[in-house]
Amino acid sequence: MAKRLAGADRSGSRGSRGRVQERAALVGLIAGRARRLDAERSLDELAGLAEAAGAQVVLRVMQERPKADPSTFLGAGKIATLAASVTETDVDVVVFDNELTPAQLRHIEEQVGRKIIDRTQLILDIFARRAKTREGKLQVELAQLKYLLPRLAGSGTALSRLGAGIGSRGPGETKLETDRRRIRTRIHAVSEDIEQVRKRRSQLRERRHKTSVPTVALVGYTNAGKTTLFNLLTRADAEASNALFVTLDPLIRQVRLPDNRELLVSDTVGFIDRLPHALVAAFRATLEEVAAADLILHVTDAAAPDRDRRMSAVRQVLEEVGAIDVPLIEVYNKCDMLTPDERRRLQEQESGALCISALRREGIAELVDTLASRLALDVRRVTLTFNPDDPEDRAGIARLYRHARVLVHETRDGEVSIVADVPRRLLGQLIKPAPM
């Protein structure tokens, strides 16, 4: 089934910077027991990805068959129909909603006569556009190189002049092997740079743990509203937009709770269904921030029609990066877009979850109170005395106010007496041992 989209005129299709947009065709497959509704929603998400990459979607094609064709993915007849449709609609690039093998890419490109990319390549392109810091650019480059390496063979007829006789080893094969060597060398160099990034991040985390500041990590499906919530909690001005993958580089800011304790909140890259493994591996240095957090806020778009699928995709990535055992709070964002009945059913279904609207600042006070109570669990009430003239004791008082909940503060006979609820994991760091 091919569907030409209305209003897809070649004239005037320019991006925000005045460049002519590429005209894109989207191709999806309903295979095996997959449901048409799920396939159409996946194609809708692919359309959002294509638009995020600067393309104008002018054609959608959906094919139903028991399984993907090993040569052309869709089958010879459907590929011929696709070739005719893209010619009629003047398409520049055809985007498949599945990852294609190198052989499939080559065969489809030969028969369709247009640039062919798959979902993985499209996501990598968006990440490359959005990466701003050196760390982000390195991580995206590594993922792109790992994706490209097995796809070099046959990327053009000039690269495949390999035969069995004398004189048949043309310059194309030499160029292919040279390209492979250069890519492997670059992968090694970028991997070493990222390992240095990972070590620096590990050192920073150790330093934060020594200061006993708890860390809360925001995770969620892309465009769930994490950055809007992050800005609200931390009073920061990170870029937030109704678009996919706006945040690539992790942001960490300080938050002061109502009881004056401090914590750190980190915003991370948004997840997506079938997030390329190369990207998860490349961003492991960044995602380790999530695995090392004291608490995770899983932010979900409550109004998304495929909410459960998105939540499952996030949990899958959390498991992949070793963060599945970190304590987690479910936070349903955009609840202002739900009807009262939908909101009631959601709260009945997830009794421990929070329902908020970061954009309208609804439910934020309850979220902060929940954060404070969850981070205050497993505490021990202690009474401590300090000498206000001793610099070490003054620093100890400051640490208590930063990381514990101070209930009583009294000054009597030149001594300061404090009653506080101290997290058990911090007792050894906040309480000065008695003199021998």
Side-chain angles (χ1 to χ4, degrees), residues 201-220 224-238 240 247 249-269 286-300 318 321-333 352-354 356 358 361 363-382 395-407 409 418 420-431:
R201 285 198 173 278
S202 179
Q203 290 168 355
L204 288 173
R205 278 196 299 271
E206 286 179 12
R207 198 177 304 165
R208 290 200 300 267
H209 287 157
K210 284 180 180 177
T211 61
S212 310
V213 180
T215 303
V216 176
L218 298 179
V219 303
K226 293 185 294 82
T227 303
T228 302
L229 178 59
F230 175 82
N231 287 340
L232 195 57
L233 291 173
T234 64
R235 298 176 184 174
D237 56 355
T247 303
D249 302 303
L251 303 169
I252 300 177
R253 297 288 186 273
Q254 193 177 66
V255 172
R256 187 174 291 277
L257 294 172
D259 58 10
N260 285 325
R261 282 180 301 148
E262 294 175 351
L263 59 87
L264 293 174
V265 176
S266 67
D267 188 14
T268 58
V269 61
T286 298
L287 294 173
E288 281 177 356
E289 293 287 346
V290 179
D294 296 284
L295 183 66
I296 291 175
L297 294 186
H298 177 191
V299 183
T300 300
L318 288 177
V321 299
I324 198 67
D325 294 326
V326 179
L328 181 143
I329 298 175
E330 296 286 0
V331 180
Y332 288 96
N333 190 26
L354 299 174
I356 71 165
R361 304 191 174 201
I364 303 303
E366 183 185 359
L367 171 59
V368 172
D369 288 344
T370 303
L371 275 177
S373 63
R374 285 292 294 268
L375 292 172
L377 289 177
D378 194 25
V379 297
R380 177 179 159 194
R381 184 161 295 182
V382 296
I397 294 172
R399 282 197 302 273
L400 270 179
Y401 270 91
R402 229 180 2 252
H403 308 301
R405 186 177 176 221
V406 175
L407 304 173
H409 182 132
I418 293 180
D421 288 337
V422 180
R424 291 184 188 274
R425 67 183 180 88
L426 305 180
L427 282 172
Q429 300 173 47
L430 297 182
I431 299 177

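Atoms considered below: every heavy atom in the structure, side chains included; atoms not considered: hydrogens, waters and symmetry mates.
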Exercise for review: Let me see the working for R253 and V265 under side-chain contact (heavy atoms from CB on, under 4.5 Å), right down to the final yes or no.
Suggested key: CA-CA 6 Å; R253 297 288 186 273; V265 176; 5.7 Å; no
Considering all heavy atoms of both residues, which atom of [X] and which atom of [Y] are nearest to each other, and what is their separation?
| X | Y | answer |
| --- | --- | --- |
| A420 | V406 | CB-CA, 4.0 Å |
| G322 | A291 | O-CB, 3.8 Å |
| A353 | Y332 | CB-CE1, 3.4 Å |
| G220 | K226 | N-CD, 3.3 Å |
| D294 | P214 | OD2-CA, 3.2 Å |

Report yes if some heavy atom in the side chain of [X] is under 4.5 Å from a heavy atom in the side chain of [Y]; otherwise report no.
| X | Y | result |
| --- | --- | --- |
| I296 | V290 | yes |
| L318 | H298 | no |
| I364 | L229 | yes |
| L371 | L297 | yes |

Look up atom [atom1] in [X] and atom [atom2] in [Y], then write down how far apart they are to the nearest 0.5 Å.
| X | Y | atom1 | atom2 | value |
| --- | --- | --- | --- | --- |
| I329 | L354 | CD1 | CG | 6.5 Å |
| T228 | D267 | OG1 | CG | 9.5 Å |
| T215 | L264 | OG1 | CG | 5.0 Å |

**Study point:** Sequence-distant partners of R256, side chain to side chain donor-acceptor pair (under 3.5 Å), two or more places apart
**Key:** E262
Check your understanding: Short question: side chain of N333, backbone of A358 - any donor-acceptor pair under 3.5 Å?
Key -> yes
Study note, to complete from the structure: Exactly one candidate in L232, L233, V255 meets side chain to side chain contact (heavy atoms under 4.5 Å, CB included) with V368; the answer is L233
